[in-house]
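First the structure, in the form of structure tokens, and then the observations on it.
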Number of protein chains: 2
Amino acid sequence: MDKQTITIYDVAREASVSMATVSRVVNGNPNVKPATRKKVLEVIDRLDYRPNAVARGLASKKTTTVGVIIPDVTNIYFSSLARGIDDVATMYKYNIILANSDENGQKEIQVLNTLLAKQVDGVIFMGNQITDSIRAEFARSKTPIVLAGSVDADEQVASVNIDYVEAIEEATSTLVRHGNQKIAFVTGSLSEPINGQYRLKGYKKALTQAKIAYDPNLVFETEYSYKAGEAIWDRVKAAGATAAVIGDDELAIGLLNGAGDDGVNIPDDFELITSNDSKLTEISRPKMSSITQPLYDIGAVAMRLLTKMMNKEDVDNQTILLPYGIVERGTTK
Amino acid sequence: MDKQTITIYDVAREASVSMATVSRVVNGNPNVKPATRKKVLEVIDRLDYRPNAVARGLASKKTTTVGVIIPDVTNIYFSSLARGIDDVATMYKYNIILANSDENGQKEIQVLNTLLAKQVDGVIFMGNQITDSIRAEFARSKTPIVLAGSVDADEQVASVNIDYVEAIEEATSTLVRHGNQKIAFVTGSLSEPINGQYRLKGYKKALTQAKIAYDPNLVFETEYSYKAGEAIWDRVKAAGATAAVIGDDELAIGLLNGAGDDGVNIPDDFELITSNDSKLTEISRPKMSSITQPLYDIGAVAMRLLTKMMNKEDVDNQTILLPYGIVERGTTK
DNA sequence: TAAATAAATGCAAGCGTTTTAAATGCTTTT
DNA sequence: AAAAGCATTTAAAACGCTTGCATTTATTTA
């Protein structure tokens, strides 16, 4: 019924050459006489032949597809990275298999395995928690892997990020400079290295430098969501904070609106700096001051790095830090 | 060097059975004696054998992966659909190859072709414009295709949507009922059927029913972006509109902020209803009244429909309309 | 012009599975 | 106890392409 598929063999027959020759012209191999190439190309065109990538993958052991594990496409931070990834993937003729993990260790492992079963040439992993089991899976496979916007405490696996400790330190210092003494630090789970190690460290460094005592009651651990931000406002307020550094934009906008709905004037009564400079920062009112991160570029660079690894070029630096900045918009004085 | 891969043949040898038998136990074929199955399973476990999906795909002519063409993952409307798609895909053991098209006809065709070359079992297409050339590509392949959140004027290809004309009609009527006579209709390109045919039709129907003359000057055609929304406020204001129905949330929030920044009091001086009920509607201040669409479900249902088609079950209804609603939040009186 | 070298092309062996037809064992029947 | 009938299992042919090596053809060189 649907036995309508044209194979390389059909082309070879029609053009009266061997499959090898057809394969060569399809793959742009220069060792083909121009006249032959032309003849083959005509037949390909006439028969509307389309090489079967699966067969090609089996024979060549390359699928030109990479796996992308993402916590949630719906989160603008990650989708921005994903867009960067896809664009450079396309540029290098790769396709991406996108899989949502919900940051669930179980799912991550499971998904990683099906990606490897599908023989992806490489994988890009996003997720704030690199558990030991996932690290074990990474190690077990010889497939190149790079983390995008996600840190590995051990720096064993390639990654591209910004310097989170410096960035948060600078953000916090900005708030200090504006006269704030009680600055809340609100972010996701502290068990995630990016929060518990890097960001927290930056936060503490800024406090130390300003000779402000570190107060655990000003550290708020929640989840990355708008609702969580709205919900946590009361606690932040109760703690007496006059400003906050926040680890995620959705979370930040939640907190911002929570405060605003509570009648607090921002930035006069309360200042706030968020972390990802996604679209959301321009959308809120007032617009949010933020650490600026080149989200798209982080994804793009991660993918570029991966192409090098897949190509077995050796890379000088496995852990790349891209430059960040601070933009002050309406939520800081 | 990396010749470390274990094949079904290795398992067969170690378990002293044939490849066929191993294949059967791997695929859960019941025609295997329990004792044999156990033995094979043990070897699989011991050797840490992982079936090669590419080889499997070649032999079985099924890749258990579907292609997903999306305008831009970064757009919350589409990423919401994508999430629904991925979730049910996973549920049915499929993976998705995600490709951004930027609604660029050229890219769409190109991407569709590489997806087909990769032998995806089906494809889900998102994009507001089904050009003739893309339709031709659809027709040319026997691969099942379904549109998600995208209409095909001819209803030739399967799709999942809401009833856009009714929805916009209802939104517009709501605004009329609130006393507005000059209601702007702002959306993306009118050359896209969803706008130029469906939504516009709903808008006109509501006006006709309210005996309000249709005024082309109140129809604004722009692009789906925050910036575009901010930018168009001046024109909407100049046209003397007292309310607007808007085709996209990012666009709407742009318009909303544009008006707000201009000192306009919403909803007292200007009312607005947007279309997609994405997260953004809750994030804006005031929160936006909106047509409610089950975005996630549209994606999920589209994927479910696709699984049926890939499975050659016959489906009763190719063009599915999911229920919508209207929520009035802070941008309507 | 024969020999040597280089350029094109063809052969055929994989790549790792699935799958069909055939073979082998075991039980049951009669 | 031979014939039948089932349940298992095996052998081997695809699946559609890449690729190393051999072969043929064209081009130089001497």
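Proteins come first, then strands; the chains are lettered A, B, ... in the order of their sequence lines, and each starts at number 1.
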Rounded distance (Å) that lies between atom [atom2] of [N] and atom [atom1] of [X]:
{"X": "A:K62", "N": "C:dG14", "atom1": "NZ", "atom2": "P", "result": "20 Å"}
{"X": "A:N27", "N": "D:dG16", "atom1": "CG", "atom2": "P", "result": "17 Å"}
{"X": "A:K33", "N": "C:dG10", "atom1": "NZ", "atom2": "P", "result": "10 Å"}
{"X": "A:R56", "N": "D:dC15", "atom1": "CZ", "atom2": "C1'", "result": "16 Å"}
{"X": "A:I6", "N": "D:dC17", "atom1": "CD1", "atom2": "C1'", "result": "16 Å"}
{"X": "A:K38", "N": "C:dA8", "atom1": "NZ", "atom2": "C1'", "result": "18 Å"}
{"X": "B:K118", "N": "D:dG16", "atom1": "NZ", "atom2": "C1'", "result": "16 Å"}
{"X": "A:M19", "N": "C:dC15", "atom1": "CE", "atom2": "C1'", "result": "13 Å"}

Donor-acceptor contact present, side-chain A:N75 to main-chain A:Y77, <3.5 Å: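 Yes: the side chain of A:N75 pairs with the backbone of A:Y77.
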Residue mapping more 5' on DNA chain D - nearest nucleotide basis, A:S23 or B:L58: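 Comparing both residues, the 5'-ward one is B:L58.
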Upstream residue (5' side of DNA chain D) when B:A55 and B:V32 are each assigned their closest nucleotide: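 Of the two residues, B:V32 wins.
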So, [X] versus [Y]: side-chain donor-acceptor pair below 3.5 Å or not?
{"X": "B:R83", "Y": "B:S80", "value": "no"}
{"X": "B:S16", "Y": "B:K39", "value": "no"}
{"X": "B:R50", "Y": "A:N113", "value": "yes"}
{"X": "B:K118", "Y": "A:T64", "value": "yes"}

Touch class at under 4.0 angstrom, heavy-atom based, for [X] against every strand present:
{"X": "B:T21", "answer": "base"}
{"X": "A:N31", "answer": "base"}
{"X": "A:R37", "answer": "nothing"}
{"X": "B:V17", "answer": "sugar-phosphate"}

Any side-chain N or O of [X] below 4.0 angstrom from OP1/OP2 of [N]?
{"X": "A:K61", "N": "C:dG16", "result": "yes"}
{"X": "B:S18", "N": "D:dT10", "result": "yes"}
{"X": "B:Y9", "N": "D:dT10", "result": "no"}

Minimum-distance nucleotide to [X] side chain [options: [options]]:
{"X": "B:A59", "options": "C:dG16, D:dA12, C:dG10", "answer": "C:dG16"}
{"X": "A:T5", "options": "D:dG16, C:dT18, C:dA12", "answer": "D:dG16"}
{"X": "B:N52", "options": "C:dT17, D:dG16, D:dT19", "answer": "C:dT17"}

Base of C:dG10 paired with side chain of A:R24 (donor-acceptor, under 3.5 Å):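 Result: at least one qualifying N/O pair found.
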side-chain contact (heavy atoms from CB on, under 4.5 Å) partner of A:L306, chosen from A:I124, A:I145, A:V88: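 Of all the options given, the one that passes is A:I124.
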